[in-house]
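Accompanying notes for the structure given below.
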Amino acid sequence: MYCRAILMHMIKHSTSPNSATGSHRTSVYIGRFAPSPSGPLHFGSLITALASYLDAKANNGTWLVRIEDLDPPRESPEAAAEILRQLETLGLFWDGEILYQSSRLDDYQSILDQFNKVDLCYDCDCTRPQIKAMGSIYDGSCRSRTRLPADKFARRIKTTNKLIEIEDLVQGHYAQNLERDTGDFVLRRKDGLIAYQLAVVADDDFQNISHVIRGFDLLDSTPRQIYLQQLLSYQTPEYAHVPIITSDQGQKLSKQHFAESIDVEKALALIITALKYLGQKTPQLNDFSDTEALLQWAEVNWDIQAIPKLATISQESLE
Ligand code: GLU
């Protein structure tokens with residue numbers, strides 16, 4: 001058995017980018033939009049971008065863009081540039097430099113090394129069918145195996161039998177017991193790539209993110225992220241998970257499902273439709289001739305409480 005207090009102390013004093021300077025996050029609002037460059041933005045991702053942009057701006061905050069390019073086989077080389085061009089056409093101008101996750105691999109590895117050092121991680125070579133047979137909640141069966149060459153195995157972090165709770169700004173109370181609900185989860189995949197859960201926690205801290213506004217599909221990842229933040233003594237941001245737009249058949253719009261990419265020429269109309277999905281007041285299209293004025297109007301009228309507390313909204317329901 002390891003002593004959690006000692007582990008947390010060790011990790012805190014060796015990995016946190018903030019701990020080096022001893023700085024503490026202030027109450028300044030810093031939001032972010034963090035697309036994976038697997039294709040151009042589609043209407044579903046526009047909703048998330050708009051919600052995170054407007055919430056940041058309505059709170060006099062900073063809005064950052066992070067390109068989550070950690071999975072080259074699933075990415076297209078032009079997608080990041082295309083996404084940025086789309087954001088610009090929509091008038092969603094970001095603050096500061098874009099952060100590319102591919103530039104942060106050494107930092108992710110050093111966090112992993114810290115977890116390894118204190119025996120919080122272990123190798124796992126279980127196959128997908130094996131994990132499926134466990135009911136998709138990893139049963140920890142590799143925990144007690146002797147250590148094997150790491151590069152051929154996924155690296156999992158040990159979870160604990162403790163309830164992790166959040167008050168989501170849109171969805172309200174949400175809780176998971178990681179041991180029971182997800183099991184030990186992967187920080188480095190079998191193919192050697194760093195897992196989203198580790199990178200997102202590292203970067204939300206690195207960029208001092210205070211508010212994470214993103215799609216409902218990531219609500220169930222949040223307790224895992226909070227668990228890592230707690231181990232690393234990082235601050236936990238506020239979270240708001242907005243509904244996912246589904247196709248008429250109830251499928252999530254995703255690049256993999258060949259959802260149409262947004263037509264940026266119709267920026268004004270798209271923003272107004274997106275506001276409708278977000279439960280916001282919507283103006284008349286011909287009241288505005290440019291996205292800047294429309295976004296300013298939307299910022300003044302922004303009400304996060306009005307966002308529907310739903311997992312999904314069907315695309316046809318508002319047309
Ligand atoms: N990269 C993720 C996506 O495109 C979003 C991650 C996040 O917002 O935490 O769905």
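Whatever order the structure lists ligands and atoms in, that order sets their numbers, starting from 1. Residue numbers count from 1 along this sequence.
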By number and element, which atoms of ligand 1 are closer than 4.0 Å to a non-hydrogen atom of [X]?
X      : answer
Glu68  : 1 (N), 2 (C), 5 (C), 6 (C)
Ala34  : 1 (N), 2 (C), 3 (C), 4 (O), 5 (C), 6 (C)
Arg32  : 7 (C), 8 (O), 9 (O)
Tyr196 : 6 (C), 7 (C), 9 (O)
Val200 : 9 (O)
Arg214 : 7 (C), 8 (O), 9 (O)

Measure the shortest side-chain to side-chain distance between [X] and [Y] over non-hydrogen atoms and say whether it is less than 4.5 angstrom.
X      : Y      : answer
Phe206 : Asp107 : no
Asp203 : Arg104 : yes
Gln101 : Ile67  : no

* Could you tell me if the ring centre of Tyr277 sits under 6.0 Å from that of Phe43? => yes
* Asked: Out of Leu169, Ile209, Val212, which one pairs with Glu238 under the side-chain contact (heavy atoms from CB on, under 4.5 Å) rule?
  -> Leu169
* **Among Val186, Asn116, Ile194, side-chain contact (heavy atoms from CB on, under 4.5 Å) partner for Arg155** => Asn116
* Does some non-hydrogen atom of Phe33 fall short of 4.0 Å from ligand 1? -> no
* Asked: For ligand 1, does Pro35 get within less than 4.0 Å through its side chain, its backbone, both, or neither, judged by non-hydrogen atoms?
  -> backbone
* May I ask which of Leu41, Leu70, Leu218 has a heavy atom nearer to atom 10 (O) of ligand 1 than the others do? => Leu218
* Which of parallel (below 30°), tilted (30 to 60°) and perpendicular (above 60°) describes Phe33 and Trp63? -> parallel
